[in-house]
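Every chain is numbered from 1, with letters handed out A, B, ... down the list of sequences. Predicted model only: the values in this text are computed from it and were never measured.
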Amino acid sequence: MSTAILVDTTRCIGCGACVSACKEANGLPKSEDTTLTAETLNVVESHSGVFVRKFCMHCQDPTCASVCPVGALRKTAAGPVIYDESRCMGCRYCMMACPFSIPRYEWKLVLPRVRKCTMCAPRQAKGFQPACTEACPVQASIFGDRDELLREAENRLRQNPAGYVPHIYGRDEVGGTSVLYLSAVPFEVLGFPANVPHNPLPMYTHRELSKIPNVVAVGTALLGGIWWITRRRAEVAHAEGDEEETPRASVG
Amino acid sequence: MSWRRLPRATFWRVVLAVILATGFYSALLRFTKGLGAATALTDRFPWGLWIGFDVLCGVGLAAGGFTVAAIVYLFHLERFQPIVRPTILTAFLGYALVAVTLLFDLGRPYRIWHPMVMWNPRSVMFEVAWCVMLYLAVLALEFSPVIFERFRWQRPLRIVKALTVPLVIAGVLLSTLHQSSLGSLYLIVPSKLHPYWYSPLLPVLFFVSAIGVGLAMVIFESNLSARTFGREIEMPLLVDLGKGIVVVLAFYGLMRFQDLASHGTLRYLREPSTETVLFVLETLLGVVIPLAFLASRRVRESREGLFVAAVLVIAGFLLNRLNVSLTGLEASSGTHYFPKWTEVSVTLSLVGLGFLFFALAVRYFGVFEVHSAAAQAQRRPRRVNTPVRVA
C-alpha cells in the first residue's frame with residue numbers, strides 16, 4: 001500500500017495553510033518565498049489566476065534516487081522519497097537530474113544539505129497524514145492510497161468533464177508519481193514541464209550502464225588480442241634491426 | 001638539487017603569480033563562506049563552470065594518455081614512444097586537477113571518499129567516480145618509472161615495467177568507460193537538454209571526441225614544450241597523429257550529423273537563437289575547419305598548420321562540452337548562468353598549476369628522455385620464441 005497526495009487545483013483557494021503547516025512540521029523559518037527554496041519545501045504559486053502548490057512529486061521510480069552516487073535518496077515502500085543527509089557529499093546531480101527541478105540546496109551554508117519535501121515520512125510512520133493535507137481547509141490536497149486516489153481523480157474527471165483538462169498529471173509522467181494533480185487549465189500553464197517522458201528516466205542510463213560488463217569483457221579480449229598479434233610483428237622487426245639500438249617498449 | 005637563486009620574473013610567471021593569488025582568495029571564500037558566496041550557482045543551475053569546464057573538458061583533454069599508451073604498447077607502433085611520457089604526465093596532471101576541482105565543487109568535499117563505501121551502481125556518477133579513481137592509480141603507476149629512474153629505485157622500476165601491458169589495457173578500458181560516462185551523465189535529462197546536444201549517442205560522441213582531442217593535445221603540448229624547453233618537435237609522429245585526427249573527426253562529424261538529421265533536429269537551425277549560433281560555432285571550429293585544414297597534405301606536414309588545426313580541434317571540443325553542460329541547459333532552467341570571477345580564478349589557478357607542475361617535472365625528472373641508462377638496463381631478457389634469422 002503506497003501512499004500518495006491528490007492536489008485538485010480547481011479547489012485550491014491559495015490560503016497557504018499547507019505552506020505554514022509544512023514549515024511548522026519541519027521546523028522551518030517563516031518566509032515570503034514565492035518559489036521553492038532550501039527553507040520552503042512546499043510553496044503556493046499563482047499562474048493565470050490559478051493557485052497551484054508545488055513540492056516534491058515523490059516519483060515511483062525517482063530520478064534523484066537513481067543518480068545519487070552514494071544512495072542518499074531512496075523511495076520507500078510507503079511512498080515518500082526520503083533523503084539521508086549523512087551520506088550526501090553534495091554533488092548535486094539529483095538537482096540537475098530531477099525533471100521537475102525540485103531539490104533545493106543550502107548554498108549559504110558551509111555544510112550544506114539538499115532540501116525537499118519528505119511527504120512527512122516521520123509523521124506517516126507514526127500513523128499521521130502529512131501536515132499539508134491535514135491543514136488544507138477545503139480538501140484541495142488529500143492524502144491516501146495511490147490507487148484509490150487515482151480512482152477518485154478519474155471519478156472527478158468523469159463527473160465533471162467540462163471542469164477539468166482530461167488528464168491526471170503524475171499518473172504516467174516519468175513512470176508515475178505519488179503526487180497527482182487535476183487542473184482546469186493546461187498543466188504547462190501551471191508551470192509543469194510538458195515534455196517529460198512517460199517512462200522512468202533511470203531507464204535512459206540503465207541502457208548504458210548495463211552494457212559495462214560486456215564492454216569490459218569484450219574490450220579486454222580485443223585489446224589483449226591486438227597486443228598479442230602486433231607483438232609478433234614488432235619482435236620480428238626487433239630481431240631484424242637488432243644491430244641498431246632499438247629500445248624495447250616498456251612503460252615510461 | 002642545488003639551491004637556486006630566486007627565479008626571474010618573466011611575463012608568464014607574473015601572470016601565474018597573479019592568477020594564483022586570486023585563486024587563493026577564491027579558495028578562502030569558497031571554504032569559509034560556502035558555495036553561494038564563491039559561485040554563481042543557483043537551485044535552477046546547480047552545475048556550472050567547475051563541472052562544465054574543469055571536469056568535462058579536463059578529463060577529455062587528458063585523453064591522450066590512454067590513446068597514446070594504446071598506440072605504443074598495444075598496437076606496438078613503437079615509433080611513438082618518445083611522446084608517451086609527456087602525454088602520460090599531461091594526463092596525470094589533468095586528472096589530478098579534476099580531483100582538486102571536485103574538492104571545490106562538492107558541497108561537502110570531506111566526504112569525497114563516500115562512493116568507495118556507499119554504492120549506487122545505478123548511478124552514472126558512481127561509475128565515473130570509481131573509474132576516475134582507478135584510472136588515477138593507473139596513471140600514477142604508468143608515470144612512476146620516471147620517478148623511480150630519477151632516484152634509481154631498481155626493484156620498483158622492474159616491477160612496474162613488467163606490469164606495462166595489463167596497466168595499459170586497464171587504462172584503455174577505464175578511460176573508455178568514464179570518457180563515455182561523462183556523456184551518459186546527461187542521458188537522464190531528455191526534457192531539459194536542448195536537442196542540439198541531447199542524444200542517445202552522447203556516450204559514444206563523448207568517447208570519440210575525447211580520442212580526437214587527446215591527439216590534438218599531444219600536438220599542442222609538443223609545440224609548447226618545444227618552444228619552452230627548446231626541444232625538437234617529432235614532426236613525423238605529429239603528422240601521423242594529424243592523419244588520425246582526420247579519421248576521428250570525419251567519423252564524429254558523420255555520426256553527429258546523421259543522429260541530428262534522423263531526429264529532425266536540424267530544423268532548429270532556422271531559428272537564430274543563441275543555441276544555434278553556439279552549435280554552428282562548435283561544429284565549424286571543432287569539425288569542419290580542422291577537417292578542411294588537415295585534409296590538405298601541405299597543412300598536415302607543416303608545423304604551424306598542425307598546431308593551428310590542433311588548437312581549433314581543442315577549441316571546438318571545449319565549446320562542445322560547455323554547450324552540453326551549460327548552454328544546452330539554460331533555456332529549460334528558466335534562468336541565466338555566468339560564472340563569478342571567483343569561479344574563473346579557481347579554474348585558471350588549477351590550469352596554471354598544471355603548467356607549473358609540468359614544467360617542474362620536466363626540469364627535475366626525465367620526462368623527455370626515452371633512452372635513459374636505467375631504461376637500457378631494464379631491457380627484457382630474450383624470449384624463447386624470438387625468431388632466429390634464417391640465412
Spatial distance of atom [atom1] ([X]) from atom [atom2] ([Y]) [nearest 0.5 Å]:
{"X": "Ser180(B)", "Y": "Lys211(A)", "atom1": "OG", "atom2": "NZ", "value": "10.0 Å"}
{"X": "Asn195(A)", "Y": "Ser332(B)", "atom1": "CG", "atom2": "OG", "value": "8.5 Å"}
{"X": "Ile229(A)", "Y": "Phe75(B)", "atom1": "CD1", "atom2": "CZ", "value": "10.5 Å"}
{"X": "Thr205(A)", "Y": "Met125(B)", "atom1": "OG1", "atom2": "CE", "value": "11.5 Å"}

Using a 4.5 angstrom heavy-atom cutoff, name the option from [options] with the most pairs to chain A.
{"options": "Phe126(B), Trp113(B), Phe45(B)", "value": "Phe126(B)"}
{"options": "Pro203(B), Gly36(B), Ser123(B)", "value": "Ser123(B)"}
{"options": "Leu77(B), Ile188(B), Leu41(B)", "value": "Ile188(B)"}
{"options": "Ala38(B), Pro166(B), Pro109(B), Pro190(B)", "value": "Pro190(B)"}
{"options": "Val189(B), Leu102(B), Ile88(B)", "value": "Val189(B)"}
{"options": "Ile169(B), Leu106(B), Leu187(B)", "value": "Leu106(B)"}

By a 4.5 Å heavy-atom criterion (distance strictly below it), what part of [X] contacts chain A: side chain, backbone, both, or neither?
{"X": "Ile51(B)", "value": "neither"}
{"X": "Leu329(B)", "value": "side chain"}
{"X": "Lys33(B)", "value": "backbone"}
{"X": "Pro121(B)", "value": "backbone"}
{"X": "Phe31(B)", "value": "backbone"}
{"X": "Ser181(B)", "value": "neither"}

- Message: Tell me whether Arg74(A) at atom CZ has more than 12 heavy atoms from other residues, nucleotides or ligands lying less than 6.0 Å away.
- Response: no

- Message: Could you check whether atom NE2 of His47(A) has more than 12 heavy atoms from other residues, nucleotides or ligands sitting under 6.0 Å from it?
- Response: yes

Expected output: side-chain [X] to main-chain [Y] donor-acceptor under 3.5 Å:
{"X": "Arg122(B)", "Y": "Pro202(A)", "answer": "no"}
{"X": "Asn120(B)", "Y": "Cys68(A)", "answer": "yes"}
{"X": "Arg108(B)", "Y": "Pro112(A)", "answer": "yes"}

Taking the side chain as everything from C-beta on, heavy atoms only, tell me whether [X] gets closer than 4.5 Å to [Y].
{"X": "Tyr204(A)", "Y": "Val124(B)", "result": "no"}
{"X": "Trp47(B)", "Y": "Tyr93(A)", "result": "yes"}
{"X": "Lys192(B)", "Y": "Pro99(A)", "result": "no"}
{"X": "Leu177(B)", "Y": "Val216(A)", "result": "yes"}
{"X": "Thr220(A)", "Y": "Leu173(B)", "result": "yes"}
{"X": "Met118(B)", "Y": "Met89(A)", "result": "no"}
{"X": "His76(B)", "Y": "Arg233(A)", "result": "no"}

- Please lay out, stage by stage, how Thr42(B) and Tyr105(A) fare under the test side-chain contact (heavy atoms from CB on, under 4.5 Å). CA-CA 8 Å; Thr42(B) 59; Tyr105(A) 208 51; over 6 Å; no

- Message: Ignoring hydrogens, what is the shortest heavy-atom contact between Glu208(A) and Pro200(B)? Give both atom names and the distance.
- Response: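 Answer, listing the atom of Glu208(A) first, then Pro200(B): OE2-O, 4.3 Å.
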
- What are the two closest non-hydrogen atoms of Val110(A) and Gly34(B), and how far apart are they?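 Reported closest heavy-atom pair: CG2-N, 4.0 Å.
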
- Item | Contacting region of Ala234(A) [heavy-atom separation from chain B under 4.5 Å] |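 Only the side chain of Ala234(A) comes within 4.5 Å of chain B.
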
- Measure distances from Leu209(A) to the heavy atoms of chain B and classify the residue's part below 4.5 Å as side chain, backbone, both or neither.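 Side chain only.
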
Flag the one option from [options] with the top tally of heavy-atom pairs under 4.5 Å to chain B.
{"options": "Arg207(A), Met95(A), Met203(A), His206(A)", "result": "Met95(A)"}
{"options": "Ala65(A), Ser86(A), Pro103(A)", "result": "Ser86(A)"}
{"options": "Cys98(A), Ser210(A), Ala194(A), Ala72(A)", "result": "Cys98(A)"}

- Message: Against Leu74(B), only a single residue in Thr230(A), Leu223(A), Leu222(A) fulfils side-chain contact (heavy atoms from CB on, under 4.5 Å); can you say which?
- Response: Leu223(A)

- If a pair satisfies salt bridge (charged side-chain N to carboxylate O under 4.0 Å, His left out) and one of its residues is in residues 90-112 of chain A, list it, with sequence neighbours excluded. Arg92(A)-Asp105(B), Glu106(A)-Arg113(A), Glu106(A)-Arg115(A)

- Message: Evaluate Tyr186(B) against Met96(A) for side-chain contact (heavy atoms from CB on, under 4.5 Å), listing each step before the verdict.
- Response: CA-CA 9 Å; Tyr186(B) 294 90; Met96(A) 226 280 288; 3.7 Å; yes

- Task: Could you give me the CA-CA distance, side-chain angles and deciding distance for Asp43(B) and Leu36(A), then say whether side-chain contact (heavy atoms from CB on, under 4.5 Å) is met?
- Result: CA-CA 9 Å; Asp43(B) 288 323; Leu36(A) 293 173; over 6 Å; no

